[in-house]
Amino acid sequence: MEQQTQKDVVLITGASGGIGQATAQRFALAGYPVVLHYHNNEQKAMCTAQQLEAQGCRVLLERADLRDSRQVEAMVQRIAEYWGPVEILVNNAGIAQQKLFTDITDEEWRDMFAVHVDGAFYCARAVLPSMIHRRAGCIVNISSMWGQTGGSCEVHYSAAKGALQAMTKALAKEVGPSGVRVNCVAPGVILTEMNTAMFDGETLDDLRKETPLEQLGMPQDVANMIYFLCTAEAAYITGQVIGVNGGMVI
Ligand code: NAP
């Protein structure tokens, strides 16, 4: 583990899921104080937190339904009181669903936007004042290759992920002069519960064969890019949508 100097406070939403967990591990093992946010899966978040603590990492668990701005604001306030302001925000929490467009209900459409777009908006809005005040900060929004290309039977998911890409670009322009960088990572097919719950082994193997690198992605592949975007090596990168997809979108 690297030396624990005054590293930035990191908030990772959806750290009870596959990509969020790997991202929390990536930052925590590099010496950052990491807030692992979860919604329902307290057990998985707690298990990750305990493993990291056993390795000498500084972690904090926070529960919030990101569809509710009051819960998000209260979470960010609690973090500020405990550790100080969030300096790196990873908007990673998400949900997935496969459905014919004409079968999507009003509630399903709204929920897709509530978790992905409202959640990212509430989190970014809550952390930005202190980032702007300190003229430093990084936000990484997790989109999807379907937000770039559109996915059949995932129109609501694709639309919400496309909105995150537009939000990234607009916000990067607005807060760039204040020293805050905003980027977006668009993963391809990554082996997490989100996919294993939705696709059988045969479908996953077909997706693997369609991928130029002939492998599905691992959560760590995405975590490494998120981490890089928040380091000094990425100091001149903002407003970008970066694919981590094994060549699926070129
Ligand atoms: P995952 O394992 O299913 O985890 C999803 C996370 O989102 C969980 O931590 C979950 O919390 C949280 N979440 C869901 N609804 C929430 C809500 N209302 N409020 C707060 N948190 C909520 O997903 P993943 O595969 O790691 O995906 C992470 C991100 O990458 C998502 O945005 C996803 O769309 C995106 N992505 C994934 C893939 C892929 O192939 N896996 C590809 C492209 C993009 P609880 O479990 O605690 O409720």
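Whatever order the structure lists them in is the order used to number ligands and atoms, beginning at 1.
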Requested in this report: Could you tell me whether His156 and Phe113 have their ring centroids closer than 6.0 angstrom?
Outcome: no
Query raised in the report: Mind checking whether Ile19 has an N or O less than 3.5 Å away from an N or O of ligand 1?
Result: yes
Query - Side-chain donor/acceptor of Asn195 to backbone N/O of Thr192, under 3.5 Å - result: no
Report task. Return the residue, atom name and 0.1 Å-rounded distance of the protein heavy atom closest to atom 14 (C) of ligand 1. Result -> Gly94 O, 3.5 Å
**Report entry** Side-chain (Ser144) to main-chain (Trp146) donor-acceptor, under 3.5 angstrom
**Finding:** yes
**Report entry** Heavy atom of the protein closest to atom 15 (N) of ligand 1 (residue, atom name, distance)
**Finding:** Ile95 CG2, 3.6 Å
Query raised in the report: So is there a nitrogen or oxygen of Ser144 less than 3.5 Å from a nitrogen or oxygen in ligand 1?
Result: no
Query - Nearest candidate to atom 17 (C) of ligand 1, where distance is taken over non-hydrogen atoms, out of Gln21, His39, Arg67, Glu42 - result: His39
Report summary line: Checking heavy atoms under 4.0 Å, the part of Lys161 that sits near ligand 1 is side chain
Query raised in the report: When you measure from atom 8 (C) of ligand 1 to every protein heavy atom, which one gives the shortest distance, and what is it?
Result: Ser16 OG, 3.6 Å
Query raised in the report: Looking only at atom types and distance, does a side-chain atom of Arg181 sit under 3.5 Å from a main-chain N or O of Ile237, one as donor and one as acceptor?
Result: yes
Query raised in the report: Non-hydrogen atoms of Ala45 versus ligand 1: any pair closer than 4.0 Å?
Result: no
Query raised in the report: So between Gly14, Gly18, Gly151, Gly188, whose heavy atom ends up nearest atom 42 (C) of ligand 1?
Result: Gly188
Query raised in the report: Heavy-atom contacts under 4.0 Å between Ala64 and ligand 1: side chain, backbone, both, or neither?
Result: backbone
Query raised in the report: Does the side chain of Asp200 come under 3.5 Å of the side chain of Thr203 through a donor N or O and an acceptor N or O?
Result: yes
Query - Ser69 (side chain) donor-acceptor with Tyr122 (main chain) under 3.5 angstrom - result: no
Report summary line: Nearest non-hydrogen contact to atom 43 (C) of ligand 1 from the set Gly17, Pro187, Gly119, Gly20 belongs to Pro187
Query raised in the report: For ligand 1, which part of Ala114 has a heavy atom less than 4.0 Å away: the side chain, the backbone, both, or neither?
Result: neither
**Report entry** Heavy-atom nearest option to atom 24 (P) of ligand 1, drawn from Ile12, Leu164, Thr192
**Finding:** Thr192
Report task. Would you please classify the geometry between the Phe101 ring and the Trp109 ring as parallel, tilted or perpendicular, with 30° and 60° separating the classes? Result -> perpendicular
Report summary line: When distances are taken from atom 31 (C) of ligand 1, the protein heavy atom at minimum range is Asn92 O, 3.1 Å
Query - Pick from Trp146, Tyr157, Tyr38: the one approaching atom 35 (C) of ligand 1 most closely through a non-hydrogen atom - result: Tyr157
Requested in this report: Return yes when atom CD of Gln43 has more than 12 non-hydrogen atoms of other residues, nucleotides or ligands closer than 6.0 Å, and no otherwise.
Outcome: no
Query raised in the report: Does any N or O in the side chain of Asn183 come within less than 3.5 Å of the main-chain N or O of Val140, such that one atom is a donor and the other an acceptor?
Result: no
Query raised in the report: Looking only at heavy atoms of His116, does any of them come nearer than 4.0 Å to an atom of ligand 1?
Result: yes
Query - Test item: Thr168 side-chain N/O and Val182 main-chain N/O as donor-acceptor pair under 3.5 Å - result: no
Query raised in the report: Hey, is ligand 1 close enough to Asp65 that some N/O pair sits below 3.5 Å?
Result: yes
Report task. Establish, from distance only, whether the side-chain atoms of Gln77 and Glu81 form a donor-acceptor pair under 3.5 Å. Result -> yes
Requested in this report: Please work out whether any backbone atom (N, CA, C, O) or any side-chain heavy atom from C-beta onward of Asn40 is under 4.0 Å from ligand 1, and answer side chain, backbone, both or neither.
Outcome: both
Query - Location of contacts on Val115 toward ligand 1, heavy atoms closer than 4.0 Å - result: side chain
Query raised in the report: Donor-acceptor pair, His37 side chain versus Ala15 backbone, under 3.5 Å?
Result: no
Query raised in the report: Can you list the atoms of ligand 1 that are under 4.0 Å from a heavy atom of Ala93?
Result: 7 (O), 12 (C), 13 (N), 21 (N), 22 (C), 32 (O)
